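Computed from a prediction, not measured in an experiment: that's the story for all the values here. Side chains are part of it too, since the values below use all heavy atoms of this structure and drop only hydrogens, waters and symmetry mates.
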Amino acid sequence: MKNLEHALRYLHAVEKKYKEYFTTHRLKITDCVALTNSGNTVNVDIINNALPANIKDDIKAMFWI
């Protein structure tokens, strides 16, 4: 599995974990982050500042943002 695929799988797991939030706000995790694939590194930037802190923390913990 490539790094980008791994990042997407993890982000979808976060979306599933917080399914109620994403369903209520009619969002997908990909609406909330920007992914940049740079060689062997995937950069993840949170672009939706309205995300609750616990969701941001889960993303930051995995991608060291």
[atom2] on [Y] to [atom1] on [X], rounded to 0.5 Å:
X: D31; Y: N48; atom1: CG; atom2: CG; value: 8.0 Å
X: Y10; Y: I29; atom1: OH; atom2: CD1; value: 9.0 Å
X: N49; Y: C32; atom1: CG; atom2: SG; value: 10.5 Å
X: H12; Y: F22; atom1: NE2; atom2: CZ; value: 10.5 Å
X: L4; Y: T41; atom1: CG; atom2: OG1; value: 11.5 Å
X: K19; Y: T24; atom1: NZ; atom2: OG1; value: 11.0 Å

Task: Contact summary for A50 and Y21, nearest pair of heavy atoms - done: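 A50 and Y21 have their closest heavy atoms at O-OH, 3.6 Å.
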- [ ] For residues V33 and F63, determine if any side-chain heavy atom of one lies less than 4.5 Å from a side-chain heavy atom of the other.
- [x]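 They are not in contact (no side-chain heavy atoms under 4.5 Å apart), so the answer is no.
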TODO: Check whether any side-chain heavy atom of I46 sits under 4.5 Å from a side-chain heavy atom of K60, and report yes or no.
DONE: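 A side-chain contact exists here, since the closest heavy-atom pair is under 4.5 Å.
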TODO: Apply the test side chain to side chain contact (heavy atoms under 4.5 Å, CB included) to residues T30 and E15: give CA-CA distance (whole Å), side-chain angles for both, the deciding distance (0.1 Å), then the verdict.
DONE: CA-CA 9 Å; T30 53; E15 181 179 346; over 6 Å; no
Open item on the list: Counting only heavy atoms from other residues, nucleotides and ligands, does the tally under 6.0 Å from CG of N54 exceed 12?
Closed with: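 Yes - once you tally the heavy atoms of other residues, nucleotides and ligands closer than 6.0 Å, there are more than 12.
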